[in-house]
Amino acid sequence: DAGVTQSPTHLIKTRGQQVTLRCSPISGHKSVSWYQQVLGQGPQFIFQYYEKEERGRGNFPDRFSARQFPNYSSELNVNALLLGDSALYLCASSLGGSSGANVLTFGAGSRLTVL
Amino acid sequence: QQQVKQSPQSLIVQKGGISIINCAYENTAFDYFPWYQQFPGKGPALLIAIRPDVSEKKEGRFTISFNKSAKQFSLHIMDSQPGDSATYFCAASLKGQGGKLIFGQGTELSVKP
């Protein structure tokens with residue numbers, strides 16, 4: 001069975017540009033969460049989507065946005081990139097709902113470098 | 001109050017030894033406490049998890065000890081192996097917010113042969 005897949009795996013952008021990261025959850029999982037992991041630190045929560053609705057938002061500026069599609073895949077968009085946005089962006093999926101909601105399975109991440 | 005504090009930052013253990021990583025939290029509303037293992041270039045992988053109504057959970061060589069009154073929990077890796085060398089993260093989440101994990105800062109474990 002395929003795990004959580006993310007694309008692209010690596011990308012380089014310049015300050016001010018925009019980036020879109022994509023995530024396909026495990027088959028049957030309806031919830032997707034996005035995390036930012038800066039080198040040497042623990043992941044920080046950005047967004048959670050469940051059944052195409054936003055269920056939570058972390059302490060990130062409005063330059064960060066996300067959406068979930070009818071097939072439960074998700075995109076994370078970051079506008080007006082800053083040097084500090086350089087990080088590993090992780091997508092995690094889970095069953096969602098009242099059971100199994102806490103068991104997050106992470107993808108390998110998208111490594112974003114902003115120059 | 002939403003923080004999870006993890007120690008030590010790095011740990012070196014001899015093969016066959018016991019690795020112990022500690023975490024502390026403030027928010028008593030947390031109801032789920034997982035530990036994740038992350039290898040370089042990979043995403044975190046769930047290792048073991050516990051809820052606050054249990055004081056200990058063991059899965060193979062990995063044990064979580066949970067002290068609700070002290071608001072602390074720890075990961076014990078018995079018979080540590082070089083293949084256990086990785087970064088370990090504790091985390092916590094509130095009831096009903098399972099998609100929003102609050103992670104500790106991580107512990108880089110190195111197991112020497």
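This is a predicted model, so every value here is computed, not measured. Lettering follows sequence order; numbering is per chain, from 1.
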Enquirer: Evaluate whether atom CG of A/Leu115 has more than 12 neighbouring non-hydrogen atoms of other residues, nucleotides or ligands under 6.0 angstrom away.
Expert: yes

Enquirer: Pick one of side chain, backbone, both or neither for B/Pro44, based on which atoms fall under 4.5 Å of a heavy atom in chain A.
Expert: both

Enquirer: Do other residues, nucleotides or ligands put more than 12 heavy atoms under 6.0 Å from A/Asn59 CG?
Expert: no

Enquirer: Are more than 12 heavy atoms, taken from residues, nucleotides or ligands other than A/Glu75, located less than 6.0 Å from that residue's CD atom?
Expert: yes

Enquirer: Sort A/Leu88 into side chain, backbone, both or neither according to what part of it lies under 4.5 angstrom from a heavy atom of chain B.
Expert: side chain

Enquirer: Should A/Leu76 and A/Leu81 be counted in the same cluster of Ile, Leu, Val, Met, Phe, Trp and Tyr side chains packed under 4.5 Å apart?
Expert: yes

Enquirer: Is the closest side-chain heavy-atom distance between B/Leu101 and A/Pro43 below 4.5 Å?
Expert: no

Enquirer: Under a 4.5 Å heavy-atom cut-off, does chain A meet the side chain of B/Lys100, its backbone, both or neither?
Expert: both

Enquirer: With a 4.5 angstrom heavy-atom cut-off, could you sort out which part of B/Leu46 is near chain A: side chain, backbone, both or neither?
Expert: side chain

Enquirer: What are the two closest non-hydrogen atoms of A/Leu90 and B/Gly43, and how far apart are they?
Expert: CD2-CA, 4.0 Å

Enquirer: Count the heavy atoms belonging to other residues, nucleotides or ligands that lie under 6.0 Å from CZ of A/Arg15, then report whether that count exceeds 12.
Expert: no

Enquirer: Given the rule that I, L, V, M, F, W and Y join up when any side-chain heavy atoms are under 4.5 Å apart, are A/Ile26 and A/Tyr72 in one cluster?
Expert: no

Enquirer: Which atoms of A/Tyr49 come close to chain B, meaning under 4.5 Å heavy atom to heavy atom: side chain ones, backbone ones, both, or neither?
Expert: neither

Enquirer: Could you tell me whether the side chain of B/Phe89 reaches within less than 4.5 Å of the side chain of A/Gln37, counting heavy atoms only?
Expert: yes

Enquirer: Counting heavy-atom pairs under 4.5 Å with chain B, which one of A/Ala108, A/Gly109, A/Cys91 comes out on top?
Expert: A/Ala108

Enquirer: Could you tell me the separation between the CD atom of B/Gln97 and the CZ atom of A/Phe45, rounded to the nearest 0.5 Å?
Expert: 8.0 Å

Enquirer: Should we count CD of B/Gln9 as having more than 12 external heavy atoms under 6.0 Å?
Expert: no

Enquirer: Under a 4.5 Å heavy-atom cut-off, does chain A meet the side chain of B/Gln38, its backbone, both or neither?
Expert: side chain

Enquirer: Around atom CG of A/Asp62, are there more than 12 heavy atoms from other residues, nucleotides or ligands closer than 6.0 Å?
Expert: no

